Amino acid sequence: MPTRGLSAPTVLLTGFDAFGGATLNPSWLAAQALHGRQVAGHRVVAARLPTVFDASLRELQALLAAHAPAVVLCVGLASGRAALSLERVAININDASLADNHGAQPIDTPVVPHGPTAYFSSLPLKAMLLALRRHGLPAELSQSAGTFVCNHVFYGLMHLLATEPRLERTRGGFVHVPDLPVLGLPDLVGGLHLMLETALTTQGDSHFAAGSVS
Ligand code: PCA
């Protein structure tokens, strides 16, 4: 079969560097483990984003321009959560309760001035949730990715996908992962693989209740 070289279809999987005094970030450890792997006919490009407002989005924008991936899954750590949290909505606000890795702490600023209030993930979240649960992995739908760098990247991602003609067909979203060892690295890696595979092979989405009452 002829090789398709640089035009071979890709998926982009990002994690973050350590932040808030930690020495590692499981989101990057897990993403890194999948770099170069084939998933449903797509090559995984894994990249580490800095936990820094603005710079994280500039790096993401460059990665999107370089790879024009079919699917983008950005991953971050949410200490305190016990399950893989599939984020449903990104909101247009930065409100940092701790400084980022460059010492910035924006309060009540928009991610994108004059951008829409929010974007929904364009990944098949419920199909992904189902796949994870079928494999015995703890997973939940989350209605908020917070207001720190993860939400910043998620919102920026969805804004780029909504506004860049070249990315019209790219689907993207965000997942928060628990801290190690709440979920071990093999489960994190397996979970990300499963989510990418499901996103690449699912048209539409599953239909069942996964929301919360409050
Ligand atoms: N988690 C942080 C930023 C980087 C990360 O891994 C967050 O949830 O915003």
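Counting convention: from 1, in listed order, for ligands and their atoms alike. Just so it is clear, the model here is predicted, and its values are computed rather than measured. The figures that follow rest on heavy atoms only: side chains count, while hydrogens, waters and symmetry mates do not.
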Can you confirm whether or not the ring centre of H152 sits under 6.0 Å from the ring centre of F154? no
Starting from atom 3 (C) of ligand 1, find the nearest protein heavy-atom neighbour and note its residue, name and distance. C150 SG, 3.3 Å
Could you list which atoms of ligand 1 come closer than 4.0 Å to a heavy atom of [X]?
X: H176; result: 7 (C), 8 (O)
X: T51; result: 3 (C), 4 (C)
X: V149; result: 9 (O)
X: G76; result: 6 (O)

Residue-level breakdown please: for N25 versus ligand 1, do any non-hydrogen atoms fall below 4.0 Å on the side chain, on the backbone, on both, or on neither?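 For N25, only side-chain atoms sit under 4.0 Å from ligand 1.
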Mode of L77 contact toward ligand 1 - side chain, backbone, both, neither (heavy atoms, under 4.0 Å): both
For the pair R81 and E87, find out whether any cationic side-chain nitrogen is under 4.0 Å from an anionic carboxylate oxygen. yes
Check contact between H152 and ligand 1, using heavy atoms of the residue and a distance below 4.0 angstrom. no
Do any nitrogen or oxygen atoms of F16 come within less than 3.5 Å of a nitrogen or oxygen of ligand 1?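 Between F16 and ligand 1, no N or O pair is found under 3.5 Å apart.
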Looking at E168, I want to see if its CD is surrounded by more than 12 non-hydrogen atoms of other residues, nucleotides or ligands under 6.0 Å. no
Quickly, which of V44, T198, L123, T170 forms a side-chain contact (heavy atoms from CB on, under 4.5 Å) with V71? Name it, please.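 Exactly one candidate clears the test, L123.
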Quick check on side-chain contact (heavy atoms from CB on, under 4.5 Å): which of D54, N94, I93, D95 does P106 satisfy it with? N94
Side-chain donor or acceptor of R88 paired with backbone N/O of S121 under 3.5 Å: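 Checking the backbone N and O of S121 against the side chain of R88, no donor-acceptor pair under 3.5 Å is found.
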For a side-chain contact (heavy atoms from CB on, under 4.5 Å) check, start with the C-alpha distance between Q61 and L160, then their side-chain angles and the critical distance, and finish with the verdict. CA-CA 8 Å; Q61 187 163 16; L160 286 167; 3.6 Å; yes
